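Note that the structure is predicted; figures quoted are calculated from it, not measured. The basis for the numbers below is simple: all heavy atoms, side chains too, and nothing from hydrogens, waters or symmetry mates.
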Amino acid sequence: MESTALKLMEEAGELAQAIGKLRGMSGEKCTVDEREVLALITRELLDVAQTAVSMMFVLEEHYHVSIEKALDEHINKLIRKGYLVPEP
């Protein structure tokens, strides 16, 4: 689990770097075409998502965490906070 968590943080850092490049937050002028940077952000975001899903499988398989139950609880939390509208 620890190695997957570290990989998740690494991927999130790469996503932050890609976003920073688009916004010029690195202190250097962005010389890359915006479409290329957006494609990079998309790839990095997918890496984050894939690593997060991998970590869910690790939790489920090795630690017997019910991801389905946790997902239901998470969705209910989002509904209570008004981020999601329940299905009719």
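When the side chain to side chain contact (heavy atoms under 4.5 Å, CB included) test is applied to Leu38, the partners found at least two apart in sequence or on another chain are Leu22, Glu34, Ile41. By the salt bridge (charged side-chain N to carboxylate O under 4.0 Å, His left out) test, Glu14 pairs with no residue at all, sequence neighbours left out. Under the salt bridge (charged side-chain N to carboxylate O under 4.0 Å, His left out) criterion, Glu73 pairs with Lys69, sequence neighbours left out. Applying the side-chain hydrogen bond (donor to acceptor under 3.5 Å, both in side chains) criterion to Arg35, with sequence neighbours excluded, gives Asp33. Shown here are the side-chain hydrogen bond (donor to acceptor under 3.5 Å, both in side chains) partners of Gln50, two or more places apart in sequence or in another chain: Ser54. For Glu10, the salt bridge (charged side-chain N to carboxylate O under 4.0 Å, His left out) partners are Lys7, not counting sequence neighbours. Every side chain to side chain contact (heavy atoms under 4.5 Å, CB included) that Val58 has, sequence neighbours left out, goes to Met1, Thr4, His62, Tyr63. Residues passing the side-chain hydrogen bond (donor to acceptor under 3.5 Å, both in side chains) test with Ser66: none are found, sequence neighbours excluded.
Taking a 4.5 Å side-chain heavy-atom cut-off between Ile, Leu, Val, Met, Phe, Trp and Tyr, the cluster of Leu78 extends to Leu71, Ile75, Ile79, Tyr83, Leu84. Through direct or indirect side-chain contacts shorter than 4.5 Å among Ile, Leu, Val, Met, Phe, Trp and Tyr, Leu40 is connected to no other residue.
Using a 4.5 Å cut-off between side-chain heavy atoms of Ile, Leu, Val, Met, Phe, Trp and Tyr, with links allowed through other members, Leu45 and Val53 fall into the same hydrophobic cluster. Under a hydrophobic clustering in which Ile, Leu, Val, Met, Phe, Trp and Tyr are joined whenever their side-chain heavy atoms come within less than 4.5 Å, directly or via other members, Phe57 and Leu59 fall into the same cluster. Both Met55 and Val65 belong to a single network of hydrophobic side chains, linked directly or stepwise wherever heavy atoms of I, L, V, M, F, W or Y lie under 4.5 Å apart. In the hydrophobic cluster analysis, where Ile, Leu, Val, Met, Phe, Trp and Tyr join through side-chain heavy atoms closer than 4.5 angstrom, Met56 is grouped apart from Met9.
Within the structure, salt bridge (Lys or Arg N to Asp or Glu O under 4.0 Å) pairs that include any residue of residues 42-61 do not occur (at least two apart or interchain).
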